[in-house]
Amino acid sequence: MQDLELIRLAYQARERAYVPYSHFAVGAALEAEDGRVFLGCNIENAAYTPTNCAERTAFFKAVSEGYRSFRQIAIVGGSVKNSSGEAAYAEAGGDYCPPCGVCRQVMMEFCDPETFRILLAKSPREYLSYTLKELLPLGFGPKDLL
Ligand code: THU
């Protein structure tokens, strides 16, 4: 899939973010090897620690549907200014939202660090592209247990 199309889907996923505590809404669109795309948003919790990041939501949806190999993920995120946390999803003027360390480790479990692409967008047309290896150098993964 074209980069800008995957980014558009990440913005779409972000609209479903449940963020009443941080007001920081994140969306992710994860493309599997066969081209199927799984969307994810962050889902917060009153007890805070059960919060799930957008990227892991997308991965866990995909893996639970039988998918284990992936090409790339697009990630978008930023503050949502209103207090209900359910509107004002500006698609421009934001900043990049790099994946947290826990999400990078989940990517390491299912993706080839040399080829898996991580697209970080700050608007529907402005984005950076990294490999997982660039964002998680010397990562520990399944091969280390062989
Ligand atoms: N968050 C994500 O969903 N993905 C990231 O890559 C960074 C952080 C979420 C977790 C929490 O709901 C909010 O953003 C603020 O940390």
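All values below come from the heavy atoms of this structure, side chains included, with hydrogens, waters and symmetry mates left out. We count ligands from 1, going down the list as the structure has it; atoms in each ligand are counted the same way. Counting from 1, the numbers follow the sequence of the chain as shown.
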Next item on the list: Could you establish whether C103 and ligand 1 come within less than 4.0 Å of each other, counting only heavy atoms on the residue side?
Entry: no
Next item on the list: Could you tell me whether ligand 1 has any atom less than 4.0 Å away from a heavy atom of V19?
Entry: no
Notebook entry, point to check: What protein heavy atom is closest to atom 3 (O) of ligand 1, reported as residue, atom name and distance in Å?
Noted result: A54 N, 2.9 Å
Next item on the list: Between S22 and ligand 1, find which residue part has any heavy-atom pair under 4.0 Å and reply side chain, backbone, both or neither.
Entry: side chain
Checklist line | Smallest separation among heavy atoms of I7 and S123, with atom names | finding: CG2-O, 4.2 Å
Item checked: Residues that, via side-chain heavy atoms closer than 4.5 angstrom, fall in one hydrophobic cluster with L120 -> F24, V26, L30, F38, F59, F60, V63, Y67, F70, I73, I75, Y96, V106, M107, M108, F110, F116, I118, L128, Y130, L132, L135, L136
Next item on the list: For atom 16 (O) of ligand 1, decide whether some protein heavy-atom distance is shorter than 4.0 Å.
Entry: no
Next item on the list: Would you tell me which option among R104, E44, E55 has the nearest heavy-atom contact to atom 13 (C) of ligand 1?
Entry: E44
Next item on the list: Please report the closest heavy-atom contact between A13 and A28, naming both atoms and the distance.
Entry: CB-O, 3.6 Å
Margin query: If the contact criterion is a heavy-atom separation under 4.0 Å, does P99 count as touching ligand 1?
Written below: yes
Next item on the list: Please report the shortest heavy-atom distance between A121 and V76, naming the atom on each side.
Entry: CB-CG1, 3.7 Å
Notebook entry, point to check: Taking 4.0 angstrom as the limit, do D3 and R117 come out as a salt bridge?
Noted result: yes
Notebook entry, point to check: Any heavy atom of A28 sitting closer than 4.0 Å to ligand 1?
Noted result: no
Check: Which heavy atom in V37 sits nearest to a heavy atom in A29, and how many Å separate them?
Finding: CG1-CB, 4.0 Å
